[in-house]
**Q** 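Quick one: structure below, then a few questions.
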Amino acid sequence: LAKSNYARGELIVRESALANQAHVLIAGIARITCLNADKERVTIALIAPGPIPELLSLPTNRFDFRCEAYSDCRVGSLDWKGFDRITLNGCETAYRKFHHNDLKHWYRLLRRTSALLNLDLHERVALTMLDLCEDFGIEDSRGTLLTVSISQKDIASIVGASRPRITEHLAQMERDHLLVRQGRQFIV
């Protein structure tokens, strides 16, 4: 396993390299970004330590998916042949973990962006907060405490809205007692 360190904002890997190697986020938080219709780079997911999901890589792909360091990160990489040699005599748990991780992130993206579900912005923000709690939260007597400080700008990017609109919806969630702010952290 080749280990590398990345500072906040650094490019960890592009979509094409993800298909060639298994990548594991050992420490820190990574984010998956892509280009939107206006050719602006937006965050579509925050990744907790564990397998980095494989991203869509097509010759005509206009999205230019990337995995970048959201905080200082340590990433381990191993080519798939080496991964096969390690897991050849073992159980399929590692493959299942990578596959499940890919499906989880693609499912979340589909759920947030699909017109099929017809979710309004408030519901997309709520789902995103629950997803963040699943990956970065710890149980608290008041709910789930997000152990990392996520900016409203990043939440806006994930759900496809402006930061002022996210501020409104988070404030409404506070009034509805679905969310509590504790400094720069949230309790959901």
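Along the sequence shown, the residues carry numbers beginning at 1.
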**Q** Applying side chain to side chain donor-acceptor pair (under 3.5 Å), name anything that partners D176, two or more places apart in sequence or on another chain.
**A**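 Per chain and number, D176 pairs via side chain to side chain donor-acceptor pair (under 3.5 Å) with Q172.
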**Q** In the structure I gave you, are the side-chain heavy atoms of H23 and I12 within less than 4.5 Å of one another anywhere?
**A**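 H23 does not reach I12 side chain to side chain.
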**Q** May I ask you to test the E134-K104 pair for a side-chain heavy-atom distance under 4.5 Å?
**A**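 In contact.
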**Q** Please give me the minimum heavy-atom distance between P49 and A27, naming the atom from each residue.
**A**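 That would be CG-CA, 4.5 Å.
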**Q** How long is the gap from CZ on R163 to CD on E168, to the nearest 0.5 Å?
**A**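 CD of E168 is found 10.0 Å from CZ of R163.
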**Q** Drop me the distance from E174's CD to H169's NE2, to the nearest 0.5 angstrom.
**A**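 Between E174 CD and H169 NE2, I get 14.0 Å after rounding to 0.5 Å.
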**Q** Check whether any side-chain heavy atom of L119 sits under 4.5 Å from a side-chain heavy atom of L127, and report yes or no.
**A**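 L119 vs L127: side chains touch.
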**Q** Between K3 and V75, does a side chain to side chain contact (heavy atoms under 4.5 Å, CB included) hold up when you go through it step by step?
**A** CA-CA 6 Å; K3 297 176 201 153; V75 176; over 6 Å; no
**Q** How far apart are the closest heavy atoms of A30 and C73, and which atoms are they?
**A**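 Result for this residue pair: N-SG, 4.2 Å.
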**Q** Could you walk me through whether R165 and T167 pass side chain to side chain contact (heavy atoms under 4.5 Å, CB included), step by step?
**A** CA-CA 5 Å; R165 295 282 293 149; T167 302; over 6 Å; no
**Q** Might you work through the side chain to side chain contact (heavy atoms under 4.5 Å, CB included) test for R142 and Q182, ending with a clear yes or no?
**A** CA-CA 11 Å; R142 299 165 290 174; Q182 182 174 298; 2.8 Å; yes
**Q** Indicate the atoms forming the closest heavy-atom contact of T144 with C133, along with that distance.
**A**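 Nearest heavy atoms, T144 then C133: CG2-CB, 3.7 Å.
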**Q** If we ignore hydrogens and angles and just use 3.5 Å, is the side chain of N5 paired with the main-chain N or O of R74 as donor and acceptor?
**A**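 The answer is no, because no donor-acceptor pair under 3.5 Å joins these two groups.
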**Q** Got a second to check how far R31's CZ is from S71's OG, nearest 0.5 Å?
**A**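 It comes to 10.5 Å.
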**Q** Taking all non-hydrogen atoms of both residues, which atom of Q185 and which atom of L145 are closest, and how far apart?
**A**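 Taking every non-hydrogen atom into account, OE1-CD1, 3.9 Å.
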**Q** Is there side-chain contact between I32 and I47, with at least one heavy-atom pair below 4.5 Å?
**A**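 A side-chain contact under 4.5 Å exists here.
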**Q** Please go through M173's hydrophobic cluster and name the other residues, only I, L, V, M, F, W, Y counting, with side-chain heavy atoms under 4.5 Å joining them.
**A**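 Reading the cluster by chain and number, M173 sits alongside I29, L46, Y70, L121, V125, M129, L130, L132, F136, L146, V148, I150, I155, I158, V159, I166, L170, L178, L179, F186, V188.
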**Q** Going by the salt bridge (charged side-chain N to carboxylate O under 4.0 Å, His left out) test, which pairs reach into residues 143-153, not counting sequence neighbours?
**A**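 Residue pairs with at least one partner in residues 143-153: there are none.
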**Q** Start with the C-alpha gap between C34 and V42, add the side-chain angles, then the distance that decides, and say whether side chain to side chain contact (heavy atoms under 4.5 Å, CB included) holds.
**A** CA-CA 6 Å; C34 72; V42 294; 4.2 Å; yes
**Q** side-chain hydrogen bond (donor to acceptor under 3.5 Å, both in side chains) for D154 and S151? Distances and angles first, verdict last.
**A** CA-CA 5 Å; D154 288 320; S151 73; 2.9 Å; yes
**Q** I'd like to know if the side chain of T128 pairs up with that of D131 as donor and acceptor (distance under 3.5 Å, no hydrogens or angles considered).
**A**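 No.
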**Q** Is the shortest heavy-atom distance from the side chain of R41 to the side chain of E68 under 4.5 Å?
**A**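 SC-SC contact between R41 and E68 confirmed.
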